[in-house]
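This one's a predicted model, so the numbers in the text were calculated from it and none came from an experiment. Below, read A as the first sequence line, B as the second, and so on, with proteins coming before strands; counting in each chain starts at 1.
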Number of protein chains: 2
Amino acid sequence: MPKVRRMTRQRRVILEILRNTKDHPTAEWVYEQAKAHLPEISLGTVYRNLHLLEAEGEIRELDCGGASGRYDGNSLDHAHFKCLECDRIYDTAGPLELNGQPFDLEGHMVSSYQLVFYGVCRHCLNKRSEKQDNSQR
Amino acid sequence: MPKVRRMTRQRRVILEILRNTKDHPTAEWVYEQAKAHLPEISLGTVYRNLHLLEAEGEIRELDCGGASGRYDGNSLDHAHFKCLECDRIYDTAGPLELNGQPFDLEGHMVSSYQLVFYGVCRHCLNKRSEKQDNSQR
DNA sequence: ATATCTGCAAATGGTTTGCGGAGGA
DNA sequence: TCCTCCGCAAACCATTTGCAGATAT
């Protein structure tokens, strides 16, 4: 573990990208975006910085299943909704408030959480009803 | 996708193992256990059956981060607690009730959820206080 | 000055899959 | 019988890592 962290161009760009999207992108997507600013950047660097930024509490990796990890520029505890049809991940207000305070749960000390709802999203529900309208026409 | 599922010895053993543990084991662990009953079983078969059983709604794969997937013999929606120190996963009652009914969340149709709390578990908290006791002695 | 960071490319490791034979229904 | 399932081993693919040079502080 290094003692002092350097704010390299790569790290700044990666953080910027995550801060400026409401999606919950994969490392690969971040890499593609970053190349627009730093054509020489490598995927390994993206992964290294994603982990570094997560360790610093700047971003968060989501546990939502699927082949590749998703990252969230908002590191505050909040709930997500993942569409089982298109794999989009949405932020939701969620029913929980942690208030930054660890709390006791059955003897365990809870310091954070990930709440993921699964189902079919607005987007895909609309598509479904469009299809139905067409077939009824 | 096959039309009729066969209840093979392998599938029965794998399901049995998951039903009879309160842990949330990895595929590898299930494989090791299964070998005690079926020495010839292969890891590929374990994975195939875990997916099959999940598709049938018999078991559930957990999204809790970490290198390898965890499986849960209880497929009903419920919350988990994962220790950040020892990686154990505990069942918890959790604050949510879905009642088997999909509900609307900001326009999305929610059919299931995964809620994972993170923190330090009873077990590790005890270890900590034991250490402290020793150093104070 | 110097220790951290980067690009590159190879290694890793959990998971998946093609194949030919086995075995449930 | 026959079609699904198995064991085996190779393939896959997201992620990690060793190295030598670059760079932030």
Side-chain angles (χ1 to χ4, degrees), chain A residues 1-18 23-56 58-72 82 87 89, chain B residues 1-18 23-56 58-72 82 87 89:
Chain A
M1 182 98 75
K3 295 175 183 171
V4 179
R5 294 278 160 73
R6 292 178 183 170
M7 183 47 67
T8 60
R9 277 170 300 147
Q10 290 83 346
R11 187 162 315 154
R12 189 180 357 261
V13 165
I14 290 168
L15 183 54
E16 191 104 345
I17 288 168
L18 277 170
D23 293 337
H24 302 77
T26 62
E28 186 71 36
W29 188 88
V30 173
Y31 171 54
E32 293 303 330
Q33 299 298 307
K35 274 201 285 193
H37 299 85
L38 300 169
E40 301 302 305
I41 198 171
S42 76
L43 186 53
T45 295
V46 171
Y47 275 107
R48 270 187 289 233
N49 278 296
L50 288 173
H51 293 157
L52 237 51
L53 289 167
E54 190 186 15
E56 289 169 353
E58 294 289 340
I59 67 172
R60 190 135 175 201
E61 182 171 5
L62 304 183
D63 302 323
C64 300
S68 33
R70 305 292 204 101
Y71 295 87
D72 190 338
K82 181 177 188 182
D87 271 7
I89 296 173
Chain B
M1 181 98 74
K3 293 175 184 171
V4 180
R5 294 278 158 71
R6 291 179 183 169
M7 182 48 66
T8 60
R9 277 170 301 147
Q10 290 84 347
R11 188 163 314 155
R12 191 182 352 264
V13 164
I14 290 168
L15 183 54
E16 192 103 345
I17 288 169
L18 278 171
D23 293 337
H24 301 78
T26 61
E28 187 71 34
W29 187 89
V30 173
Y31 171 56
E32 293 302 330
Q33 298 298 307
K35 274 201 285 193
H37 299 85
L38 300 169
E40 301 302 305
I41 197 172
S42 75
L43 186 52
T45 296
V46 171
Y47 275 108
R48 268 187 289 233
N49 278 296
L50 288 172
H51 292 157
L52 236 50
L53 290 167
E54 190 186 14
E56 287 169 354
E58 295 289 341
I59 67 172
R60 190 136 174 199
E61 183 172 4
L62 304 183
D63 302 323
C64 301
S68 33
R70 306 292 205 101
Y71 295 85
D72 189 338
K82 180 177 190 182
D87 269 10
I89 297 174

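The nearest heavy atom of DNA chain D to Gly44(B) and to Asn49(B) marks one nucleotide each, and the one closer to the 5' end goes with Asn49(B).
Residue-level contact check: Gln10(B) touches the backbone only, with heavy atoms under 4.0 Å from sugar-phosphate atoms and none from bases.
Between His51(B) and dT15(C) there is no side-chain N or O to OP1 or OP2 distance below 4.0 Å. Listed pair Arg9(B) / dG24(C) meets the phosphate criterion, a side-chain N or O lying under 4.0 Å from OP1 or OP2. Contact annotation: Thr8(A) side-chain N/O to dT6(C) OP1/OP2 distance is under 4.0 Å.
In this structure, OH of Tyr31(B) is placed 11 Å from P of dA9(D), rounded to the nearest angstrom. For the pair Trp29(A) CH2 and dA14(D) C1', the computed distance is 19 Å after rounding to whole Å. Whole-Å rounding puts the Leu43(B) CG to dG7(D) P distance at 11 Å. The distance from atom NZ of Lys35(A) to atom P of dC8(C) is 10 Å, rounded to the nearest whole Å. A straight line from CG of Leu38(A) to P of dG7(C) spans 8 Å, rounded to a whole angstrom. Atom CG in Asp63(B) sits roughly 18 Å away from atom P in dG14(C) (whole-Å rounding). For the pair Arg12(A) CZ and dT6(C) C1', the interatomic distance rounds to 15 Å; values are reported in whole Å. In this structure, Leu50(B) places its CG atom 9 Å from P of dT16(C), rounding to the nearest Å.
Taking both residues in full, the closest heavy atoms of Leu50(B) and Ala27(B) are given as CD1-CB, 3.7 Å, listed atom of the first, atom of the second, then distance.
Taking 3.5 Å as the limit, the base of dG7(C) and the side chain of Arg48(A) contain a donor-acceptor pair of atoms between them. Applying the 3.5 Å distance criterion, the base of dT4(D) shares a donor-acceptor pair with the side chain of Arg6(B).
Enclosure of atom NE2 in His51(A) by more than 12 non-hydrogen atoms of other residues, nucleotides or ligands within 6.0 angstrom is indicated.
Checking Leu38(B), Thr8(B), Val46(B) one by one against Ile14(B), the side chain to side chain contact (heavy atoms under 4.5 Å, CB included) holds for a single residue, Val46(B).
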task = Kindly determine whether Arg11(B) and Arg5(B) satisfy side-chain contact (heavy atoms from CB on, under 4.5 Å), including the steps that lead there.
result = CA-CA 10 Å; Arg11(B) 188 163 314 155; Arg5(B) 294 278 158 71; 3.8 Å; yes
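Ranking dC8(D), dC5(C), dG7(C) by closeness to the Leu52(A) side chain, first place goes to dC5(C). For Ala27(A), counting side-chain heavy atoms from C-beta on, the closest listed nucleotide (dC5(D), dT15(D), dG14(C)) is dT15(D).
Judged by distance alone, the side chain of Arg70(A) and the main-chain N or O of His24(A) form a donor-acceptor pair under 3.5 Å.
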